[in-house]
Amino acid sequence: MGFSGGLKAAMLVSSSLSHARPLTCASSSRLVSQPHDLVKWVTREGGFVHRAVKIAQLDSGGYGLGLVAKEEIPIGADLIVLPQHLPLHFTSFQQDQKNDENSLLLQLSSHVPDELWAMKLGLKLLHERAKLGSFWWPYISNLPETFSLPIFFPGEDIKNLQYAPVLHQVNKRCRFLLDFEQQVKRALVGVKPDKHPFDGQEVDASSLGWAMSAVSSRAFKLHGNKNSNGINFDIPMMLPLIDMCNHSFNPNARIVQEQESGSTNMRVKVVAEKVIKEDDPLLLCYGCLNNDLFLLDYGFVIQSNPYDCIELRYDGALLEAASMAAGVSSPNFSTPAPWQELILSQLNLAGEAPDLKVSIGGQEIIEGRLLAALRVLLATDKETVRKYDLNTLKSLDAEAPLGVANEIAVFRTLIALCVVALGHFPTKLMDDESLLKQGASGSTELAIQFRIQKKSIIIDVMKNLARKVKVLSSNEKVTAEG
């Protein structure tokens with residue numbers, strides 16, 4: 001799997017960089033046992049923190065720190081304001097390429113793929129963590145020492161996720177970190193200590209993983225300054241104190257950027273979206289993300305996540321097997337007629353470079369491309385199909401556009417496809433729930449929670465489709481009797 005047990009829970013980090021002092025307090029999960037007072041640092045540096053905002057322990061175990069209201073806060077109140085120089089971002093390196101150590105970091109960042117953008121800012125975070133007297137040390141000292149992201153899971157718990165798309169991403173990130181460690185080491189050979197971007201210290205896959213995880217789980221993509229064309233561009237920023245707000249799809253606060261008066265500088269604010277009652281946590285929405293991204297980038301799973309979905313591969317032979325299992329006979333899945341093939345190409349499910357990833361669950365319940373493909377492939381009359389545009393065929397709200405019989409056949413095939421998808425998991429939902437009740441903890445608990453949510457999506461979709469089949473069948477019967 002790599003990292004001999006998922007980066008060994010990041011414990012190598014403790015000795016690989018300066019400022020990472022040995023743990024003196026077993027209950028401390030921050031980088032140092034006595035970190036700086038973040039609220040005082042932010043206000044001392046020209047920021048603002050509402051008098052009712054405090055840092056508090058939100059749960060009994062792990063790094064459960066967050067922001068809480070000490071008293072009721074009215075709607076519209078500024079909760080935190082950061083002046084432009086407090087957020088930590090990578091662009092300052094790009095503005096100062098003459099500095100040898102910054103040029104080296106820029107060179108290293110060029111080897112980071114765009115999808116792993118967190119590693120680019122992670123390089124600066126490591127640079128600041130290693131640098132004695134870093135301006136951002138009061139902030140960095142408050143960061144967690146370890147993270148609950150899957151790249152740090154023991155190998156067995158990575159397998160326990162049981163979901164191929166996430167397993168692929170975990171393996172991909174682990175391989176990248178191992179390869180990037182070697183690139184960093186090669187780039188630093190012969191660099192003099194005073195020019196060394198990490199203060200002469202060795203940087204390994206573990207410390208790189210810590211930095212990437214710190215950024216992915218805490219950074220926000222916000223507007224930077226305008227470029228030469230006068231266009232704002234989004235850049236990842238680590239926002240001291242603000243990044244201690246937890247996530248909710250029903251937040252009570254939001255991030256606002258506004259220009260400082262008499263200046264081109266932008267400050268970042270958190271504003272109360274509603275009345276925040278005493279002892280309530282401050283909550284931001286990190287985005288309408290599925291559990292794959294929440295787990296990979298943030299290290300947690302949301303129960304009943306309305307944006308979570310299951311990724312499937314569009315495959316004619318698989319659909320044919322599903323339709324046969326559902327008692328729906330169609331020879332067209334593996335060998336569609338030319339007119340059906342044309343529509344599949346328009347859906348980007350056939351042709352030279354098709355996108356065969358489709359999904360169930362989430363806001364659509366059934367991804368529109370998959371729904372339209374099944375409706376078309378189970379249709380026998382091309383003239384009827386041609387009466388409808390693709391958007392109608394892709395919509396679940398369009399009630400039986402190609403007829404009730406066609407719609408029932410589509411839904412039954414989809415239910416059978418769900419059964420196949422459920423069968424790909426090695427354990428059953430009841431087994432997983434039993435394991436949680438027995439007291440699984442740490443990464444094992446997180447892995448089980450993740451796969452429970454994935455299986456729950458499939459079961460919910462099946463129930464939803466079964467209800468639709470029942471209604472359609474009832475309507476068909478009434479029509480026939482009438």
Side-chain angles (χ1 to χ4, degrees), residues 115 150 161-170 216-217 221 246-251 283-315 318-319 322 344 347-349 354-376 390-401 407 410-425 429 432 446-469 471:
E115 64 183 294
L161 293 167
Q162 299 183 356
Y163 182 61
V166 165
L167 291 175
H168 172 73
Q169 284 299 321
V170 175
S216 75
S217 63
K221 286 190 175 182
N246 281 335
H247 164 80
S248 173
F249 289 128
N250 184 29
L283 301 169
L284 296 169
C285 180
Y286 295 174
C288 299
L289 309 176
N290 62 28
N291 275 343
D292 301 29
L293 292 175
F294 277 126
L295 181 65
L296 287 165
D297 289 340
Y298 296 93
F300 60 80
V301 172
I302 293 180
Q303 291 188 10
S304 304
N305 180 348
Y307 303 98
D308 203 12
C309 57
I310 290 284
E311 183 182 299
L312 303 172
R313 180 177 173 82
Y314 180 85
D315 181 281
L318 176 64
L319 289 171
L344 290 178
L347 294 168
N348 201 21
L349 292 171
D355 175 12
L356 299 180
K357 289 181 182 178
V358 292
S359 63
I360 60 172
Q363 297 293 286
E364 283 188 292
I365 303 176
I366 302 295
E367 185 184 324
R369 296 190 307 138
L370 176 59
L371 180 61
L374 287 175
R375 280 171 167 167
V376 169
L390 280 185
N391 287 334
T392 301
L393 294 175
K394 288 161 69 175
S395 173
L396 198 58
D397 292 332
E399 295 183 10
E407 200 80 339
V410 167
F411 291 160
R412 282 181 174 161
T413 300
L414 285 167
I415 291 169
L417 189 62
C418 287
V419 172
V420 173
L422 207 53
H424 284 161
F425 289 92
L429 185 60
D432 298 338
L446 199 52
I448 296 171
Q449 287 175 343
F450 175 79
R451 73 194 195 214
I452 283 176
Q453 294 307 309
K454 289 298 178 187
K455 293 169 190 177
S456 298
I457 292 168
I458 300 173
I459 292 168
D460 287 346
V461 169
M462 290 170 68
K463 289 178 178 177
N464 190 310
L465 294 175
R467 284 194 296 269
K468 290 181 181 296
V469 168
V471 170

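Heavy atoms only, all atoms of each residue included: Pro354 and Leu349 are closest at CB-C, 3.8 Å. Closest heavy-atom contact between Ile457 and Gly361: CG2-CA, 3.8 Å. When every heavy atom of Tyr163 is checked against every heavy atom of Cys309, the shortest pair comes out as OH-O, 4.0 Å. The shortest heavy-atom contact between Thr413 and Leu319 is CG2-O, 4.1 Å. Closest heavy-atom contact between Ile415 and Ala466: CD1-N, 3.8 Å. The minimum heavy-atom distance between Ser217 and Tyr298, with the atom names listed, is O-CD2, 3.4 Å.
Using a 4.5 Å heavy-atom cutoff, the side chains of Asp292 and Gln169 are not in contact. Two residues are said to be in side-chain contact when any heavy atoms from C-beta on lie closer than 4.5 Å; Lys454 and Gln162 fail this criterion. Counting only heavy atoms from C-beta outward, the side chains of Phe411 and Leu371 approach each other to under 4.5 Å. Within the 4.5 Å cutoff, the side chain of Leu396 has heavy atoms near those of the Lys468 side chain. Put simply, the side chain of Leu295 reaches to within 4.5 Å of the side chain of Leu161, judged on heavy atoms. Taking the side chain as every heavy atom from C-beta outward, Ile366 and Leu465 approach each other to under 4.5 Å.
The CG atom of Leu283 sits 12.5 Å away from the CZ atom of Phe249 when rounded to the nearest 0.5 Å. Going from atom CG of Asp432 over to atom CZ of Phe450 covers 12.0 Å, rounded to the nearest 0.5 Å. Note that the CZ atom of Arg375 and the OG atom of Ser395 stand 7.0 Å from one another [nearest 0.5 Å]. Atoms CG and CD1, from Leu370 and Ile360 in turn, are 8.5 Å apart once rounded to the nearest 0.5 Å. Separation of atoms CD1 (Ile302) and CG (Asn290) is listed at 10.0 Å; rounding is to 0.5 Å. To the nearest 0.5 Å, atoms CG (Leu356) and CG (Asp315) are separated by 8.5 Å.
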Exercise. For Ile459 and Leu422, run side chain to side chain contact (heavy atoms under 4.5 Å, CB included): C-alpha distance rounded to whole Å, both residues' side-chain angles, the deciding distance at 0.1 Å, then the answer.
Key: CA-CA 8 Å; Ile459 292 168; Leu422 207 53; 4.1 Å; yes

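The main-chain N or O of Asn291 is found under 3.5 Å from a side-chain atom of Asp308 such that the two form a donor-acceptor pair. Checked by atom type and distance alone, the side chain of Lys463 never pairs as donor or acceptor with a backbone atom of Ile458 at under 3.5 Å. Of the possible donor and acceptor atoms, none in the side chain of Glu407 sits under 3.5 Å from a partner among the backbone N and O of Pro401. For Glu311 (side chain) and Val358 (main-chain N/O), no donor-acceptor pair under 3.5 Å exists by modelled atom type.
The number of heavy-atom neighbours closer than 6.0 Å to CD of Gln303, taken from other residues, nucleotides and ligands shown, is 12 or below.
The salt bridge (charged side-chain N to carboxylate O under 4.0 Å, His left out) search around Arg369 returns Asp355, Glu367, not counting sequence neighbours.
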